[in-house]
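Everything below concerns the one structure shown next.
Since we're looking at a predicted model, the values are computed, not measured. Heavy-atom basis, side chains included; hydrogens, waters and symmetry copies ignored.
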Amino acid sequence: VDASKEISINGYNYDLQSYVVYSLNDSGAGSLRSILASANASSTTDTISFSVSGTISRSSTLSISDDVTIDGGDKITITGNDNVQIFNVDDNSSSAINVTIENIALTHGHAGGGGWCSSGSSNGGAIYNDGETVTLSKVDLTYNSAYSQVVSIYSIGGSLIINSASTLTHNTAPGGGGAIFVETGTLNIDGASLSSNSSDYSGGAIYDEHSTVTVNHASFSSNTSHTY
């Protein structure tokens, strides 16, 4: 289901495309995968909402390559079943797209590729962000895992913004950054909670490598690392 409209902001007109997911299936008509493919192909700024509630199980990673807002409406959980990464955000260009994910739970994602360091297939069990602007609002990220550095969110370049009562808990990483690894970009956290995350190397909650990190009104508890 989709609909389009035009709005005016400060004298400029913007086309908005709205899509509604009406199936919890991994693929096929009305599924998030199908709707997201349409949104990626659209030249407009897109919004995806859900008319169903429940859990969507992933069999492979969902790619985001265009401006979009995904609003789970506090009724959707997406699981990678400890087998696949949930979202890969990359438009394969030098310009940054704007992606907002809100009111949703991302759990048991696993980036299981055989690579290391900044490989998109082996980092970020829930979200891998490559140079884009990603905003998370009221997102629960739990029990995500990865082959390489970071378990829940890996962001290289670009900007990662986490706010509005988002929670990152019980995520574990074999490398640095149990919950978040940010490299050569910016990280802004405001109003989030990070607890019970762990890393086998360093940064039980957050690992920062040559990035700008700003944290306000956030809580940290019981995050551990085995090295430092």
Side-chain angles (χ1 to χ4, degrees), residues 1-2 19-42 46-72 75-93 97 99-132 134 136 139-156 158 160 168 170-175 177 179-181:
V1 178
D2 64 89
Y19 298 91
V20 178
V21 175
Y22 57 89
S23 170
L24 295 176
N25 292 334
D26 180 51
S27 61
S31 67
L32 177 58
R33 187 180 301 279
S34 175
I35 294 295
L36 192 53
S38 296
N40 286 336
S42 170
D46 306 304
T47 299
I48 298 174
S49 60
F50 297 79
S51 64
V52 290
S53 61
T55 299
I56 299 174
S57 295
R58 298 265 61 86
S59 62
S60 61
T61 301
L62 291 166
S63 297
I64 300 176
S65 60
D66 196 20
D67 296 335
V68 69
T69 293
I70 300 174
D71 186 351
K75 58 186 179 181
I76 292 294
T77 296
I78 302 177
T79 177
N81 294 309
D82 296 316
N83 188 50
V84 298
Q85 182 183 69
I86 297 175
F87 287 118
N88 184 299
V89 185
D90 185 7
D91 74 338
N92 296 304
S93 79
I97 60 173
V99 174
T100 297
I101 301 172
E102 58 191 14
N103 306 314
I104 204 166
L106 306 178
T107 188
H108 291 281
H110 178 68
W116 192 252
C117 294
S118 59
S119 169
S121 64
S122 58
N123 290 288
I127 300 170
Y128 179 86
N129 173 36
D130 190 348
E132 317 302 347
V134 176
L136 306 180
V139 176
D140 293 329
L141 298 110
T142 60
Y143 298 103
N144 298 291
S145 60
Y147 172 86
S148 182
Q149 297 280 17
V150 66
V151 69
S152 193
I153 306 171
Y154 188 102
S155 184
I156 180 169
L160 176 63
L168 296 93
H170 295 294
N171 302 292
T172 55
I180 301 167
F181 189 116

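Using a distance-only test at 3.5 Å, with no hydrogens or angles considered, no donor-acceptor pair links the side chain of Asp130 to the main chain of Asp90. Between the side chain of Glu132 and the backbone N or O of Asp91, at least one donor-acceptor pair lies under 3.5 Å. A donor-acceptor pair is defined here as one N or O able to donate and one able to accept, closer than 3.5 Å; no such pair exists between the side chain of Asn129 and the backbone of Val134. With hydrogens and angles disregarded, a donor-acceptor distance shorter than 3.5 Å links the side chain of Thr61 to the backbone of Gln85. Checked by atom type and distance alone, the side chain of Ser34 never pairs as donor or acceptor with a backbone atom of Ser31 at under 3.5 Å.
Smallest separation of non-hydrogen atoms from Leu32 and Phe50: CD1-CZ, 4.1 Å. Scanning all heavy atoms of the two residues, the minimum distance from Asn144 to Asn171 falls at N-OD1, 2.9 Å. Annotation for Ile101 and Val139: closest pair O-CG2, 3.2 Å, computed over non-hydrogen atoms. Of all heavy-atom pairs spanning Tyr143 and Asp82, the tightest one is O-OD1, 3.9 Å. Tyr19 and Ser38 make their closest contact through OH-O, 3.6 Å (heavy atoms, listed as atom of the first residue, atom of the second, distance). The minimum heavy-atom distance between Ile64 and Ile97, with the atom names listed, is O-CD1, 4.1 Å.
Expressed to the nearest 0.5 Å, how far CD1 of Ile48 lies from CG of Leu36 amounts to 5.0 Å. In this structure, OG in Ser152 is found 12.5 Å from NE2 in His170, a value given to the nearest 0.5 Å.
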Audit row: Val99, Phe87, side-chain contact (heavy atoms from CB on, under 4.5 Å) steps and yes/no: CA-CA 11 Å; Val99 174; Phe87 287 118; over 6 Å; no
Quick one, Asp71 with Glu102, criterion side-chain contact (heavy atoms from CB on, under 4.5 Å). Give me CA distance, side-chain angles, the key distance, then yes/no. CA-CA 5 Å; Asp71 186 351; Glu102 58 191 14; 3.4 Å; yes
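Residues that satisfy the side-chain contact (heavy atoms from CB on, under 4.5 Å) test with Asp26, not counting sequence neighbours, are Arg33, Arg58, Ser59. Ser23 meets the side-chain contact (heavy atoms from CB on, under 4.5 Å) test with Asn25; sequence neighbours excluded.
In this structure the side chain of Leu160 never reaches within 4.5 angstrom of the side chain of Ile127, judged on heavy atoms. Using a 4.5 Å cut-off on side-chain heavy atoms (C-beta onward), Val21 and Ile76 make no contact. Residues His110 and Asn83 have side chains not in contact (no heavy-atom distance under 4.5 Å, counting atoms from C-beta outward). Taking the side chain as every heavy atom from C-beta outward, Asn123 and Ile156 never approach each other to under 4.5 Å.
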